[in-house]
Novice: 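First the structure, then my questions, so here it is.
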Amino acid sequence: MDRGRLNSSDIIVAVIRKIARSLSGETVKIMDFCGTHEHTIVYSGIRSLMPENVELVAGPGCPVCVTPAHYIDTVIDLALNGVRVYTYGDTYLLPGSAPPLSKKPRTLADAKAEGADVVIVYSLLEAIKHHRLHGGESVFLAVGFETTAPSTASAVVNGMVPDGMTILNVHRLTPPIMRYTFNKHRNSPIRGVIAPGHVSTILGAKAWEFIPKEYGIPTVVAGFEPNDVLTAIAYILAMLKTGRPGLVNQYKRAVKWEGNKKAQELVNKCCEIVDASWRGLGIVPESGLAFRDKYSSIDAVYQYGLEQLKRKEWKYDLPPGCRCAEVTLGLAKPTDCPLFMKTCKPGSPYGPCMVSSEGACSVWARFGGGGLVEEIVRDLGLD
Ligand code: SF4
């Protein structure tokens, strides 16, 4: 379809409402997988523009939120034992394991306050530069989905990681977590999926073909402008109406069907696919990356004997009362958590979904989950 015909949000919303009216039965739940989509939806008030029978729910697309607590405990222990830790800003504030394993979940920021050498970086390359200048022993906490894995792989395969530096590989894979979501909740109320645009630039749109094929759920790879998301919703509803679930690539300006083959080859050269733990969810089959044996010299798991990290299923990922596991699977909204904006706020996060700017709880806390209509009502003092 000519994109120009759907370039007005008014028209797209009208189309959404018209199709939604014609759908009978229960509320249509559409999962927006990616934290950036959730940001667009909340920031632009898209949720508040939906007809009553269409509900948008956030998915597991925040890599910081799903980084298991025992990985954070491990790098904190390394930091307190004299190893410099390089971390992204988000993971700096990510809490480790909950009581009874620790009195209070610790963060890398706490470790730094205790005198540990913790350095916030924007990229692995920045960490490499810093290590070359300062020497010593260091570890880089490599968190991220398929979008960031190629930069890790490039540095490793091209021999750029200097002596004394290792990488703790926490890269996670997104199609397996979607499969897990649908398998675990066979009666999943999700009837449509907005697939992640960033990840798809690497994996290709084809990575999501299994959702309509195996689960009969319409899926649209979408960009991040408000109209991209609205168009994706219209496509999903149209597929539901016709009873012909399929895969649509709405983000053709950035996503190819096959993705970025060079990046895929690089990651494959560097890493193997392994079962991996997700915060609050436990082990998800074939959902993580581990360095191949030939790169053991830069692998923190090998160098520090952290083999147990690979298969550990952890019960204390979430502090008491935190509902991040349900938020991650689209089974609860951030506002369903009684701690939301009480014990848990962006400035003082209690659970992992409040830490990163991509976490659903953080997005809702900063921009209001209700959307523009509620905000205008609030501004006018009518709430
Ligand atoms: S509001 Fe905080 S405690 Fe509640 S689910 Fe979200 S991150 Fe967890």
Side-chain angles (χ1 to χ4, degrees), residues 29 31-32 34-48 50 55-70 72-73 76 88-113 189 278-282 314-383:
K29 283 199 182 195
M31 175 178 274
D32 51 285
C34 175
T36 314
H37 279 141
E38 182 61 16
H39 182 278
T40 300
I41 286 168
V42 172
Y43 190 74
S44 307
I46 288 175
R47 194 167 269 116
S48 63
M50 289 299 105
E55 187 183 341
L56 304 178
V57 295
C62 161
V64 172
C65 308
V66 298
T67 294
H70 56 284
I72 299 301
D73 298 341
I76 288 172
Y88 296 128
D90 284 353
T91 35
Y92 183 65
L93 294 174
L94 192 61
S97 292
L101 289 184
S102 63
K103 253 194 200 158
K104 173 182 171 291
R106 296 178 304 167
T107 64
L108 280 165
D110 295 331
K112 181 147 179 127
W278 290 61
R279 191 165 195 146
L281 307 180
W314 205 254
K315 287 185 192 149
Y316 306 105
D317 261 350
L318 303 177
C322 171
R323 298 187 63 184
C324 271
E326 293 156 272
V327 171
T328 300
L329 294 175
L331 298 172
K333 298 192 285 284
T335 45
D336 293 334
C337 174
L339 307 176
F340 181 76
M341 293 309 280
K342 294 187 178 93
T343 311
C344 189
K345 298 178 183 179
S348 52
Y350 177 73
C353 302
M354 190 60 90
V355 176
S356 165
S357 59
E358 288 189 11
C361 295
S362 167
V363 175
W364 282 50
R366 285 176 299 125
F367 304 114
L372 293 182
V373 174
E374 283 77 356
E375 208 165 298
I376 290 168
V377 168
R378 223 177 9 256
D379 276 359
L380 294 174
L382 302 173
D383 53 342

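The structure presented is a predicted model; accordingly, all values stated were derived computationally and were not measured. Position 1 is the first residue of the sequence; numbering continues from there.
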Novice: Side chains of R366 and Y43: does their closest heavy-atom pair fall under 4.5 Å?
Specialist: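 Not in contact.
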Novice: Minimum heavy-atom separation for P319 to G351, with atom names?
Specialist: CG-CA, 4.2 Å
Novice: Please name the pair of heavy atoms, one in R323 and one in C337, separated by the smallest distance, quoted to 0.1 Å.
Specialist: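 That would be CD-CA, 4.0 Å.
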Novice: Going by heavy atoms in the side chains, are L108 and I76 under 4.5 Å from each other?
Specialist: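 They are in contact (side-chain heavy atoms under 4.5 Å apart), so the answer is yes.
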Novice: Give me the atom names and distance for the closest heavy-atom approach of P95 to P105.
Specialist: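 For P95 versus P105, the nearest heavy atoms are CB-CB, 3.6 Å.
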Novice: Taking the side chain as every heavy atom from C-beta outward, state whether Y350 and P320 have any pair of such atoms under 4.5 Å apart.
Specialist: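 In short, these two side chains touch, coming nearer than 4.5 Å.
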Novice: Are any side-chain N or O atoms of S362 and backbone N or O atoms of P346, one a donor and one an acceptor, separated by less than 3.5 Å?
Specialist: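 It does not hold such a pair.
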Novice: Should E38 and R47 be marked as a side-chain contact (heavy atoms from CB on, under 4.5 Å) after you check the CA-CA gap, both sets of side-chain angles, and the distance that decides it?
Specialist: CA-CA 10 Å; E38 182 61 16; R47 194 167 269 116; 3.0 Å; yes
Novice: Just verifying a value: how many Å separate H39 NE2 and C34 SG, rounded to the nearest 0.5 Å?
Specialist: 11.5 Å
Novice: Please report the interatomic distance NZ(K29) to CG(L56), rounded to the nearest 0.5 Å.
Specialist: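 Taking NZ in K29 and CG in L56, the distance rounds to 11.0 Å.
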Novice: Nearest 0.5 angstrom please: L331 CG to M31 CE, how far?
Specialist: 7.0 Å
Novice: Quick one, V363 and E358 - any side-chain contact, counting heavy atoms below 4.5 Å?
Specialist: no
Novice: Taking all non-hydrogen atoms of both residues, which atom of A69 and which atom of G96 are closest, and how far apart?
Specialist: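 The pair with the smallest heavy-atom distance is CB-C, 3.5 Å.
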Novice: If I take atom SG from residue C353 and atom CG from residue L318, how far apart are they, to the nearest 0.5 angstrom?
Specialist: 7.5 Å
Novice: Just so I know, are the side chains of D317 and P68 near enough to count as touching, which here means a heavy-atom distance under 4.5 Å?
Specialist: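 Yes - at least one pair of side-chain heavy atoms lies under 4.5 Å apart.
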Novice: Per the salt bridge (Lys or Arg N to Asp or Glu O under 4.0 Å) rule, what does the pair list look like for residues 333-357, sequence neighbours excluded?
Specialist: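 Of all non-adjacent pairs touching residues 333-357, none passes salt bridge (Lys or Arg N to Asp or Glu O under 4.0 Å).
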Novice: Would you please name every residue forming a ring pair (Phe, Tyr, Trp, His ring centres under 6.0 Å) with Y92, sequence neighbours left out?
Specialist: none
Novice: When you compare the side chain of P349 with that of C361, does any pair of heavy atoms fall below 4.5 Å?
Specialist: no
Novice: Show your reasoning for whether side-chain contact (heavy atoms from CB on, under 4.5 Å) applies to V66 and L281.
Specialist: CA-CA 8 Å; V66 298; L281 307 180; 5.6 Å; no
Novice: If the test is side chain to side chain contact (heavy atoms under 4.5 Å, CB included), which one of T328, V64, L94 qualifies with R279?
Specialist: L94
Novice: Under the 3.5 angstrom rule, does the side chain of S44 hit a backbone N or O of I46 as a donor-acceptor pair?
Specialist: no
Novice: Roughly how far, to the nearest 0.5 Å, is OG1 of T107 from NZ of K112?
Specialist: 12.0 Å
Novice: Determine whether M354 and T343 make a side-chain contact, defined as any pair of heavy atoms from C-beta on separated by less than 4.5 Å.
Specialist: no
Novice: Output the distance between atom CG (D73) and atom OH (Y316), rounded to the nearest 0.5 Å.
Specialist: 12.5 Å
Novice: Is the closest side-chain heavy-atom distance between D90 and P63 below 4.5 Å?
Specialist: no
